[in-house]
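Worksheet: the structure to be examined is printed underneath.
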There are 2 protein chains.
Amino acid sequence: MGVSLKDIAARAGVSLSTVSNVVNGYRPVGEETRQRVQSAIDELGYAPNLSARHLRLGRSGIIALAIPEFDNPYFAELAGAAIREAAGLGYTLVMEDTAGAYEREVLMIDNSRRQIFDGLIFSPVAVSREEVLASPPTTPMVLIGEGVYDVPHDHIAIDNIAASHVAVQHLVSLDRYRIAFIGAQAGDHRQSAHLRLRGYREALAGAGLPWDPALAAPTTAFGRADGLLAMRDLLARTQPPDAVFAYNDLVAIGAIRAVVEAGLRIPDDVAVIGIDDIEDGRFSNPTLTTIAPDKEHIGRLAVRRLVARIEGTPVGPPYDVQPPFRLVTRESTLGGRRPIRA
Amino acid sequence: MGVSLKDIAARAGVSLSTVSNVVNGYRPVGEETRQRVQSAIDELGYAPNLSARHLRLGRSGIIALAIPEFDNPYFAELAGAAIREAAGLGYTLVMEDTAGAYEREVLMIDNSRRQIFDGLIFSPVAVSREEVLASPPTTPMVLIGEGVYDVPHDHIAIDNIAASHVAVQHLVSLDRYRIAFIGAQAGDHRQSAHLRLRGYREALAGAGLPWDPALAAPTTAFGRADGLLAMRDLLARTQPPDAVFAYNDLVAIGAIRAVVEAGLRIPDDVAVIGIDDIEDGRFSNPTLTTIAPDKEHIGRLAVRRLVARIEGTPVGPPYDVQPPFRLVTRESTLGGRRPIRA
DNA sequence: GACCGGCTGTATAACGTTATAGAGCCCGAC
DNA sequence: GTCGGGCTCTATAACGTTATACAGCCGGTC
């Protein structure tokens with residue numbers, strides 16, 4: 001083991017309590033003793049045992065952020081905002097990757113992991129609403145993204161349907177008639193994919209465009225490779241699309257690559273739009289038009305709500321928040337080449 | 001607080017010890033009692049308090065990975081490998097972002113954070129060798145990347161100089177004569193930037209090419225935006241480069257964008273190579289030639305070494321490992337357009 | 001001179017867990 | 001009939017910390 005309070009106390013010839021008071025200033029200590037204790041601390045290199053402190057105090061000062069796609073920049077960017085907010089509130093934020101795997105997600109909502117952290121911000125993909133409901137209510141949990149609604153937890157997620165409307169309407173405004181959607185469907189667990197598909201269909205209907213199932217390309221996951229394969233498929237059709245609404249920016253970037261490989265022009269032959277506004281799309285060729293959720297807002301708000309729950313600040317009942325989003329137009333739908341403002 | 005052993009014991013009418021034995025099977029328990037205890041656990045929803053267990057056992061089963069650029073996919077991809085290896089060894093890996101900030105990095109090497117985790121994998125950027133040396137040797141620490149050598153810790157980092165040689169030699173083999181380097185220098189803390197610059201200069205000399213300071217473009221950081229700005233600068237010279245070796249793939253992607261914006265062709269007018277082999281470069285337009293460190297190897301090895309130290313497995317003295325890397329040629333130096341195998 | 005209050009320090013109980021020592025019981029062997 | 005030993009289970013001490021209760025001392029006030 002490392003150096004403990006006891007070692008310091010012995011070295012300085014004082015009691016445990018006095019050392020503790022020097023360390024965290026709960027009660028005043030005489031100047032002379034304080035210095036003797038402090039030099040003992042410096043010499044022996046003492047640092048408090050966080051587990052013991054956690055056990056005693058009931059709080060560790062650490063909150064966790066569990067995300068399903070560690071390699072999706074969207075979450076990295078969101079995490080950045082969360083980390084800053086947490087630091088400002090005196091908490092450390094650590095991240096855990098569930099990889100969207102069911103067993104890993106279950107570890108989040110049963111108590112095995114939550115016992116060591118003061119709270120959890122969780123982006124569930126594989127677990128169901130019922131499982132979240134059945135989880136024991138110990139440490140506070142805030143849910144972000146996806147479609148786990150009507151549970152006794154704060155929940156922050158953009159309005160997927162409204163966002164999809166804006167995306168599709170933008171493509172319609174460019175006089176596109178054969179608008180495809182790329183993203184998983186059918187048996188997929190991911191609620192947001194279903195919601196975005198629904199928004200896409202509604203928007204098509206609203207614009208008086210027909211619903212063509214051949215233009216809804218399924219994917220097995222939501223990365224660049226999935227977008228690439230799906231787009232190749234769409235381009236091989238006898239009547240290829242003249243625009244694509246991708247489930248997210250990664251998928252869109254894969255789709256762009258497929259279009260370029262096919263020797264077609266963007267947006268002239270095919271316009272592309274995604275969702276997320278990850279940095280990749282700001283530097284891609286062409287740059288990517290996208291729906292930008294306010295990641296800063298989401299990250300900060302999630303932490304604020306969680307900390308409020310942890311500290312018992314009165315914040316009212318759990319609620320659903322739909323953070324703002326906006327359409328960011330770039331070369332993949334507008335054409336031309338405009339220098340990036342960096 | 002949550003449900004504790006005591007609650008279960010009371011409910012099942014047995015002692016604390018018996019419940020503990022049911023939970024972790026340290027000693028056998030009679031079948032009838034075991035069932036009574038088990039149903040009490042299920043009913044009350046018990047999960048062990050990890051802090052208490054950590055305090056008692058001296059281990060928490062959690063290791064941390066502290067990285068300087070959470071938004072660089074390189075680390076996300078490396079973390080993926082580390083997470084898998086850790087899971088296989090019975091550990092959970094959580095990630096912490098230092099943002100390369102000095103104060104945050106100091107928190108890693110003094111003991112404040114290490115007390116709650118069994119060990120730390122740390123990619124230092126801002127702290128010096130002396131500070132690492134002065135840190136109290138409590139929980140094991142494995143260092144990855146950068147140039148903190150000759151410290152009593154395992155250290156895993158590619159041979160930056162050798163990697164730079166390979167990169168530059170590849171450009172030379174394409175008959176490029178004005179090869180630029182983009183990456184911070186001078187007062188920068190980042191050792192790897194200095195090493196790569198040195199490798200670049202050595203390789204130029206080896207190829208009989210002159211060293212032109214005007215072709216070494218400094219950056220303030222190492223992201224896409226930095227590559228973009230530096231490349232714009234280089235292209236504005238009276239004698240622009242015909243090839244660019246970028247500090248990493250993100251910088252290279254920014255550089256590519258600058259070349260495209262300028263209306264020049266890649267690789268015809270300017271060839272581009274990076275280091276890291278992040279997924280972005282596999283899907284960019286054009287796709288990016290790069291030096292690919294074996295991230296899987298690095299991530300897994302770091303975890304294996306750390307766990308060996310934690311568990312006291314005899315593994316010999318701390319050592320420096322240089323993981324393998326290889327040149328991956330793509331469109332940004334080879335030209336043409338080759339479909340991605342996805 | 002007795003008492004009060006402030007200041008400085010100490011002893012101790014608890015947080016939830018697990019390893020150790022040991023208690024009670026029953027069965028078989030001498 | 002006693003002893004040894006296996007089988008269950010229990011009581012307890014510790015891990016390192018902090019909050020509570022308390023003890024001693026000094027100076028000032030009635």
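Proteins come first, then strands; the chains are lettered A, B, ... in the order of their sequence lines, and each starts at number 1.
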- Query: Would you say the side-chain atoms of A/Ser15 and A/Thr18 include a donor-acceptor pair closer than 3.5 Å?
  - Reply: yes
- Message: For DNA chain C, which residues of residues 5-19 of chain B approach it to below 4.0 angstrom with any heavy atom?
- Response: B/Leu5, B/Lys6, B/Leu16, B/Ser17
- Query: So, B/Ser192 versus B/Asn160: side-chain donor-acceptor pair below 3.5 Å or not?
  - Reply: no
- Query: Atom CG of B/Asn21 to atom P of D/dT10: distance rounded to whole Å?
  - Reply: 10 Å
- A/Asn49 atom CG is separated from C/dC15 atom P, nearest whole Å, by 18 Å
- Task: Could you state the atom-to-atom distance from CG of B/Leu57 to P of C/dG16 in whole Å?
- Result: 17 Å
- Residues in salt bridge (charged side-chain N to carboxylate O under 4.0 Å, His left out) with A/Glu311, at least two apart? none
- Message: Do B/Leu5 and B/Tyr46 have side chains that approach each other closer than 4.5 Å (heavy atoms only, starting at C-beta)?
- Response: yes
- Would you kindly check whether a donor in the side chain of B/Arg27 faces an acceptor in the base of C/dG22, or vice versa, at under 3.5 angstrom? yes
- Item | Separation of atom CG in B/Leu55 from atom C1' in D/dC15, rounded to whole Å | 4 Å
- Message: Is the distance from the ring center of A/Phe70 to that of B/Phe70 below 6.0 Å?
- Response: yes
- Message: What is the distance, to the nearest angstrom, from the CZ atom on B/Arg53 to the C1' atom on D/dC15?
- Response: 14 Å
- Task: Check whether any side-chain N or O of A/Tyr46 sits under 4.0 Å from OP1 or OP2 of D/dT17, and answer yes or no.
- Result: yes
- Message: Taking only side-chain N and O atoms of A/Tyr26, does any of them lie within less than 4.0 angstrom of OP1 or OP2 on D/dT20?
- Response: yes
- Task: For D/dC9, take OP1 and OP2 only and decide whether either is under 4.0 Å from a side-chain N or O of B/Thr33.
- Result: yes
- Please give, in whole Å, the distance from D/dT8 P to B/Arg34 CZ? 11 Å
- Query: For A/Glu32, does the CD atom sit with more than 12 other heavy atoms under 6.0 Å from it, leaving out its own atoms?
  - Reply: no
